[in-house]
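Lettering follows sequence order; numbering is per chain, from 1.
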Amino acid sequence: MTDRIQAIRGMNDILAEQTSRWQYLEMQVRSVLEQYGYQEIRFPILEKTDLFVHSIGETSDIVSKEMYSFTDRNGDSLTLRPEGTAGCVRAGLQHGLFKAGVQRLWYAGPMFRRERPQKGRLRQFHQTGVEAFGLNGPDIDAELILLGSRLWRALGLQDITLQINSLGSMDSRLVYRNALVEYFSDHKDLLDEDSRMRLDRNPLRILDSKNPAMQSLIDQAPAMSQYLDPESAEHFTTLRDLLREAGVEFMVNSRLVRGLDYYCKTVFEWVTDRLGAQGTVCAGGRYDGMVEHFGGEPTPAVGFALGMERLLELADSPGHEGRQPDLYFIHAGKGSETQAMKLAEQIRDAKPDLKVILHCGGGSMKSQFKKADRSGAALALILAENELEKRTISIKHLRVETAQQEVSWSALPAVLAEILDQNNPA
RNA sequence: GUGAGCGUAGCUCAGUUGGCAGAGCUCAGGAUUGUGGAUCCUGUGGUCGUGGGUUCGAGCCCCAUCGCUCACCCCA
């Protein structure tokens with residue numbers, strides 16, 4: 001206990017008890033993504049530090065204080081990915097994917113940010129990312145939102161609401177930024193310490209300050225919607241129309257800014273109030289400039305990321321425990337062990353769908369039965385002296401009141417199939 | 001990085017004004033030698049997070065430190 005090595009803070013083990021819930025969630029996510037024709041892509045967890053600095057932005061919190069970076073033996077600075085979009089773009093560029101037309105891609109895996117852990121926030125956490133490249137219209141923005149909406153339905157989630165906003169083109173965003181700086185500079189005496197810091201680094205972020213003392217100042221600040229360029233405004237209007245037509249409820253939140261520098265035009269967040277302070281389950285937006293920024297052809301792009309731990313906490317539905325074993329194979333007496341192992345292998349050959357636990361470690365019949373029961377198995381198979389001599393095996397039902405039966409080794413697969421089919425008509 | 005709360009068995013937690021460290025669950029064994037679950041009995045398991053201090057005596061009081069949790073910040 002004293003100085004045993006422990007996991008790194010904020011990097012949790014997911015134990016066997018939990019993995020079936022993860023698998024269920026991952027399966028649901030994957031099947032919805034496939035419904036929409038998205039394809040899985042896999043890329044490294046480690047990338048050159050510059051990739052993240054130049055996409056997420058030097059002034060962002062992620063880059064300025066949250067990355068796990070280190071110097072490789074050859075002097076390169078490498079970083080554990082804090083998000084997936086940058087790596088996805090890099091991989092797409094490196095393999096010429098964006099020259100081959102529209103790409104609908106997804107990926108899943110761990111991300112790393114060195115923050116103070118709290119509810120819904122870890123240093124190693126898992127995201128599923130969805131990205132669409134090569135489409136600049138609001139239709140694809142709407143598709144991504146509908147995809148999310150369908151996923152909540154598939155998971156039976158109710159308490160998630162959608163917030164959307166438009167940040168405009170990079171140019172109009174710059175104009176707005178200047179207007180904001182001017183406004184807040186005029187009221188510098190009313191700004192809190194954090195906001196003063198943000199004034200020159202990232203003024204848009206002042207807008208989503210939670211400090212109640214700042215609310216009236218923020219309420220009277222210039223609104224982004226006044227500064228949208230005509231194209232962005234039309235894009236946003238059409239998106240809202242599409243969502244209304246599709247029956248997706250949403251709220252326009254003009255203070256929705258997002259912390260990564262690369263976003264433009266559409267941004268959105270799916271939020272819940274059931275998760276404590278970290279209520280964002282899924283968020284994303286458009287990043288039309290990134291591919292070009294990294295030296296590719298101008299390629300519009302939109303995407304979002306799902307926080308899997310947060311989603312898991314919301315979808316706390318029981319009943320997705322791992323499947324119980326079908327058979328627990330008990331054996332006792334001289335020579336039974338080798339024969340039991342052979343028979344168990346034969347059963348696995350003949351009936352690959354069955355989950356068969358062969359008792360290991362010896363012990364009395366009584367203790368073996370106890371373990372059979374605890375394993376949750378439907379049937380116990382028994383091979384002891386009597387059976388061994390007669391070349392038979394006894395089958396005992398552990399969950400239903402049915403007489404124990406004895407069958408020959410050769411008849412075993414067929415009998416098992418019959419019994420288990422009756423138990424699970426499905 | 002800042003603040004608050006909490007650290008006693010594998011897990012959940014008791015522990016009185018400072019006086020021999022406990023329970024339930026889990027795990028292992030047993031209650032007529034080849035039969036589980038219910039009940040009963042027994043056992044394993046602890047440097048009370050760590051280090052100092054006060055005291056005849058500290059799980060309890062004081063200081064420091066580490067860890068966990070929640071919140072701020074920020075984000076999925």
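A distance of about 13 Å separates the P atoms of B/G37 and B/U32, rounded to the whole Å. Between the C1' atoms of B/A31 and B/A38, the separation comes to 14 Å (whole Å). Rounded to the nearest Å, the gap between the P atom of B/C62 and that of B/A4 is 16 Å. B/U8 and B/G46 are spaced 8 Å apart, taking the C1' atom of each and rounding to whole Å. B/G7 and B/C41 have their P atoms separated by 32 Å, given to the nearest Å. The separation of B/A64 from B/U26, taken at their C1' atoms, amounts to 37 Å, rounded to a whole angstrom. A distance of about 10 Å separates the C1' atoms of B/G29 and B/U44, rounded to the whole Å. Nucleotides B/U50 and B/A58 place their P atoms 15 Å apart, quoted to the nearest Å.
A straight line from CZ of A/Arg113 to P of B/C73 spans 17 Å, rounded to a whole angstrom. Between the CZ atom of A/Arg81 and the C1' atom of B/A76 there is a distance of 13 Å, given to the nearest Å. Atom CZ of A/Phe125 and atom P of B/C75 are 12 Å apart (whole Å). For the pair A/Gln368 CD and B/G37 P, the interatomic distance rounds to 14 Å; values are reported in whole Å. The CD atom of A/Glu313 sits 13 Å away from the C1' atom of B/A76 (whole-angstrom rounding). Look at NZ on A/Lys119: it is 7 Å from P on B/A71, rounded to the nearest Å. Between the CZ atom of A/Phe52 and the P atom of B/C75 there is a distance of 17 Å, given to the nearest Å. Atoms NE2 (A/His397) and P (B/G37) sit 19 Å apart, rounded to a whole Å.
The 5' end of RNA chain B is approached more closely, in terms of each residue's nearest nucleotide, by A/Ile8 than by the other of A/Ile8 and A/Arg123. Toward the 5' end of RNA chain B, the nearer of the two residues A/Leu398 and A/Ser367, judged by each one's closest nucleotide, is A/Ser367.
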Under 3.5 Å, N/O pairs linking protein and nucleotides 38-40 of chain B:
none

Kindly give the atom pairs (protein nitrogen or oxygen, nucleotide nitrogen or oxygen) under 3.5 Å for nucleotides 2-4 of chain B.
unit_1 : atom_1 : unit_2   : atom_2 : d
B/U2   : O4     : A/Arg116 : NH1    : 2.5

Would you tabulate the pairs of protein nitrogen or oxygen atoms and nucleotide nitrogen or oxygen atoms of nucleotides 33-35 of chain B closer than 3.5 angstrom?
unit_1 : atom_1 : unit_2   : atom_2 : d
B/G34  : O6     : A/Asn386 : N      : 2.8
B/G34  : O6     : A/Asn386 : OD1    : 3.3
B/G34  : O6     : A/Asn386 : ND2    : 2.6
B/G34  : O6     : A/Glu387 : OE1    : 3.3
B/G34  : N1     : A/Glu387 : OE1    : 2.8
B/G34  : N1     : A/Glu387 : OE2    : 3.0
B/G34  : N2     : A/Glu387 : OE2    : 2.7
B/U35  : O2     : A/Lys396 : NZ     : 2.9
B/U35  : N3     : A/Gln404 : OE1    : 3.0
B/U35  : N3     : A/Gln404 : NE2    : 3.4
B/U35  : O4     : A/Gln404 : NE2    : 2.8

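Of all the heavy atoms in A/Gly376 and A/Gln324, the pair that sits closest is CA-OE1, 3.4 Å. A pairwise comparison of heavy atoms in A/Thr280 and A/Arg310 identifies O-NH1, 2.7 Å as the closest pair. Contact detail for A/Ile382 and A/Ile393: the closest heavy-atom pair is O-CG1, 3.2 Å.
The aromatic rings of A/Phe133 and A/Tyr287 sit perpendicular, their planes meeting at an angle over 60°, well past the 30° parallel limit. By the 30° and 60° cut-offs, the orientation of the rings of A/Tyr183 relative to A/His187 is tilted.
The side chain of A/Gln278 lies closest to B/C75 when the candidates are B/A71, B/C75, B/A76. Distance from the side chain of A/Gln127 is smallest to B/A76 among B/A76, B/G1, B/G67.
Cation-pi check for A/Arg121 over A/Phe125 is not met; the charged atom does not lie both under 6.0 angstrom from the ring centroid and within 45 degrees of its normal.
Panel note: side chain A/His331, backbone A/Ala384; no donor-acceptor pair is recorded below 3.5 Å. Panel note: side chain A/Asn165, backbone A/Val267; no donor-acceptor pair is recorded below 3.5 Å. Proximity of a side-chain donor or acceptor of A/Lys355 to a complementary backbone N or O of A/Arg323 within less than 3.5 Å is detected.
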Indicate every side-chain donor-acceptor pair of residues 30-38 of chain A with a distance under 3.5 Å to a residue at least two apart or in another chain.
unit_1  : atom_1 : unit_2   : atom_2 : d
A/Ser31 : OG     : A/Gln28  : O      : 3.2
A/Tyr36 : OH     : A/Arg150 : NE     : 3.0
A/Tyr38 : OH     : A/Glu143 : OE2    : 2.6

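Using modelled atom types and a 3.5 Å distance limit, the side chains of A/His235 and A/Asn136 yield no donor-acceptor pair. No side-chain N or O of A/Thr392 forms a donor-acceptor pair with one of A/Glu387 less than 3.5 Å apart.
Scanning atom types as modelled, no donor and acceptor separated by under 3.5 angstrom connect the side chain of A/Arg205 and the base of B/C73. For a distance-only test at 3.5 Å, the side chain of A/Gln118 qualifies as a donor-acceptor partner of the base of B/C73. In the interface, the side chain of A/Asp373 is paired with the base of B/G36 through a donor and an acceptor atom under 3.5 Å apart.
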Task: Dot-bracket pairing map - RNA chain B, Watson-Crick plus G-U, both contacts under 3.5 Å, | cross-strand - done: (((((((..((((.....[..)))).(((((.......))))).....(((((..]....))))))))))))....
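Residue-level contact check: A/Gly276 touches the backbone only, with heavy atoms under 4.0 Å from sugar-phosphate atoms and none from bases. Within the 4.0 angstrom heavy-atom criterion, no nucleotide atom of any strand lies near A/Ala372. A/Leu122 comes within 4.0 angstrom of a nucleotide base, judged by non-hydrogen atoms across all strands.
Between A/Asp288 and A/Arg286 a salt bridge is recorded (basic side-chain N to carboxylate O distance below 4.0 Å). With respect to A/Lys351 and A/Asp326, no salt bridge is recorded, no charged nitrogen being found less than 4.0 Å from a carboxylate O.
Among residues two or more places apart in sequence or in another chain, the side chain to side chain contact (heavy atoms under 4.5 Å, CB included) test is passed with A/Val53 by A/Thr49, A/Glu58, A/Val63, A/Met67.
For the pair A/Cys282/A/Trp152, a side-chain contact is recorded, criterion being any heavy-atom separation below 4.5 Å from C-beta on.
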